[in-house]
Amino acid sequence: MSDENILVVEDLKKYYPINKSLFGKPQSFVKAVDGVSFSIKKGTTMGLVGESGCGKTTVGRTILRLHEVTGGTVLFEGKDLSKISSGKLRKMRPQLQMIFQDPYSSLSPRMPIGEIIGEAVKVHKIVPRSEYREYILQVMQDCGLQPQWYSRYPHEFSGGQRQRICIARSVALKPKLIICDEPVSALDVSIQAQIINLMKDLQTQFGYTYLFISHDLSVVEHISDEVGVMYLGNMVEYGSKTSIFKNPLHPYTKALMSAVPMPDPDYKMNRIILKGDIPSPANPPSGCKFRTRCEHCMEICANKVPEFREIEPGHRVACHLYNDKESTTK
Amino acid sequence: MALFKKKKIQSIGDSQYLTLREERKIAKENAKITKAYEKRKNRTKVPESEYLTEMRDPKNVVEFDNLHTYFYTDVGVSKAVNGVSFDIPEGSIVGVVGESGCGKSVTSLSLMQLVQAPQGQIVEGQIRYKATNGKCYDIAKMPRNEMLHIRGKEISMIFQEPMTSLNPVFTIGAQLDEVVLLHEPGTTKEQAKARSLEMLKLVGIAMCEKVYDSYPHELSGGMRQRVMIAMSLSCNPRLIIADEPTTALDVTIQAQILDLLRDLRHKIQGSIMLITHDLGVIAEMADYVVVMYAGRIVEKGTVREIFHTPKHPYTIGLMKSKPSVNKLVERLYSIPGQVPNPINMPKHCYYKNRCEMCQECCEGDFPELMQFSETHFAACHLYRDNKDLVIYDSLTTGAESEKAEVAHE
């Protein structure tokens, strides 16, 4: 594990136009991602958490340029993915892979799984033709799939096995970065554990870097080294796993943590229950976007957007509550 | 390599491929059986004595007694619920946990007589329900038209997906009023509206007048779930069945909804049957817990008994495989393998193939429920000789289970 950053995302923006004018000029935007910055070290896992609609999936897809970037830079091993030509991007594709949420809809029902896993391997010429079959069988074995399943079709498999196929498909390209978009949320608890263990094993064995997008805090805590919390297109808190989970600073992170039900009937919780729903991203509140649901809301919150500042080394938070604290540490 | 060139169909696990002729034969037999059941249910003038019964314990609202609900499919009979017995006492929350396909939803649907017919049929057992009028009915034998007076009025249900269970072409108000107008004949429209608004207020919707006039698509997921809860409450039910009420929602919204359900239980003095796969939700909400696996109950007891002294290896496996916040483990325990095929269930314990504590005696019949305390039961051969045995830590969290799993698959 080196200290080198494999991915540096700076001020990433993705706006979707709504309300086009007569001549097709967009008049207003949904700011799905509005200035998100983070970096991932090689061989580590970064977790991205937030409620549905906060833009965490959009971040993952914009990094891979499945959606075009509106603003900001995505540096992957020093190359800016947001400006690279499509031809060069295609050459880089094997290094950047994705695992999708729903294993039922992300596998082609008309292809046997050996072909599903091997299609991209053929296209990108990962291994010579003569070694192709052995290579695919080896990948299948690494992912806990049996070799005799090579010519079976996806409908013959259960959810957990399908997710293994999805993982095998992305792993077969020898990627450096894998973006996992809620890979376990569609699975049962006992199967979830199998998939999480598999992903961790593959990481220790081959040194993959993961961007793990999930809404389940307990899973994120288990698998991540660094955690970013998103709210309505912004990152509100970012830090190492221990600093986020042991010492959450942002009121939203605190509320998220307290909302997770604990599997212990005698556990005493002092739950912070957020009022209302997440506001519409087309018309977000002024100043701090979280102020409409925050219990520590102050005057300044309505007027000024909080800066994303470092409170402790490596622990950054965007909240006006910590304005003073920063001045004392400076 | 020659092995892979063969185009031979191999089955996964223990599922069997049937020829078309065999399938047709099964379908024909099934049609005969289900037709008989349907005919029985559709009778109109049934003497009440036929479905009147006695409660075992007058404190219970519902008693499931040896319930069997089967699905007659073209590939064979799927025993979705296979001998389930438990009670729902008055004013308590009973949680039912299990993986998908373990029969927890079918159990609740049997109680509502909403099992997909004609394939799905209650074939055996009783569901005793103590109605508001003091009588005690057996829902398993009740004819369809009689059930209309109970379903939605005395027993109501909150479904998993609030997105799909509201009708998109009617306003929230119209859908809420309908319940009251249908179940309480003689109410005027104004009274129904007043009741609906009151219910919306009860579930914590601030602008109830506005929500009353809006359509489902205008509301967010949490709001829709609140509307669903309001709808289920509007006839003062004695029992609410909540089938995964928070699975489709975010954690923060889930906390709101759970808080609401807990409050309501005191307000309406009813019972709740909470179906979920999230052990955290169960620990927080339930008084009694029922753990189901492959159509059978493997363990039941009070929430403290289940969480502090779990007995069945499956229950323990479930608890260990779920990561929880602020409790770090190096490696998650994972239950190897998968749930057996519901069509060809083995004779022995259904959990045997996935169980690490499996012994020789597990080859025998399915274990009976064994009593550990007044309320605590578990179905496992391990405790035949020694009831105080503690196996919580003996389940390995290492890679051995993983290897075993690959071998098993």
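Only a predicted model underlies this, so the values are computations on that prediction, with no experimental measurement involved.
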Check: By a 4.5 Å heavy-atom criterion (distance strictly below it), what part of L217(A) contacts chain B: side chain, backbone, both, or neither?
Finding: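 Contact with chain B is through both the backbone and side chain of L217(A).
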Next item on the list: Measure the shortest side-chain to side-chain distance between Q254(B) and V260(A) over non-hydrogen atoms and say whether it is less than 4.5 angstrom.
Entry: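 Counting from C-beta outward, Q254(B) and V260(A) never come under 4.5 Å.
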Checklist line | Heavy-atom side-chain contact between H308(B) and P265(A) under 4.5 Å | finding: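 They are in contact (side-chain heavy atoms under 4.5 Å apart), so the answer is yes.
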Next item on the list: May I ask you to name which of D264(A), I272(A), D216(A), V219(A) has the most heavy-atom pairs under 4.5 Å with chain B?
Entry: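 Among D264(A), I272(A), D216(A), V219(A), the one with the most close pairs to chain B is D264(A).
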Check: How long is the gap from OG on S100(B) to CG on L187(A), to the nearest 0.5 Å?
Finding: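 Answer for the OG-CG pair, S100(B) versus L187(A), is 9.0 Å.
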Verify, without hydrogens or angle tests, whether [X] (side chain) and [Y] (backbone) share a donor-acceptor contact under 3.5 angstrom.
X       : Y       : answer
D259(B) : I273(A) : no
Q256(B) : L274(A) : yes
Q194(A) : I335(B) : yes

Next item on the list: For atom CD of E218(B), decide whether the heavy atoms of other residues, nucleotides or ligands shown that lie under 6.0 angstrom number more than 12.
Entry: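 Above 12, so yes.
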Check: What do you reckon, is CZ of F307(B) surrounded by more than 12 foreign heavy atoms closer than 6.0 Å?
Finding: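 Yes.
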Notebook entry, point to check: Of the backbone (N, CA, C, O) and the side chain (C-beta and beyond), which part of E99(B) lies under 4.5 Å from a heavy atom of chain A, both, or neither?
Noted result: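 For E99(B), the contact with chain A is made by backbone and side chain together.
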Check: Do we see a donor-acceptor contact under 3.5 Å between the side chains of Q192(A) and S321(B)?
Finding: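 S321(B) and Q192(A) do not have a side-chain donor-acceptor pair below 3.5 Å.
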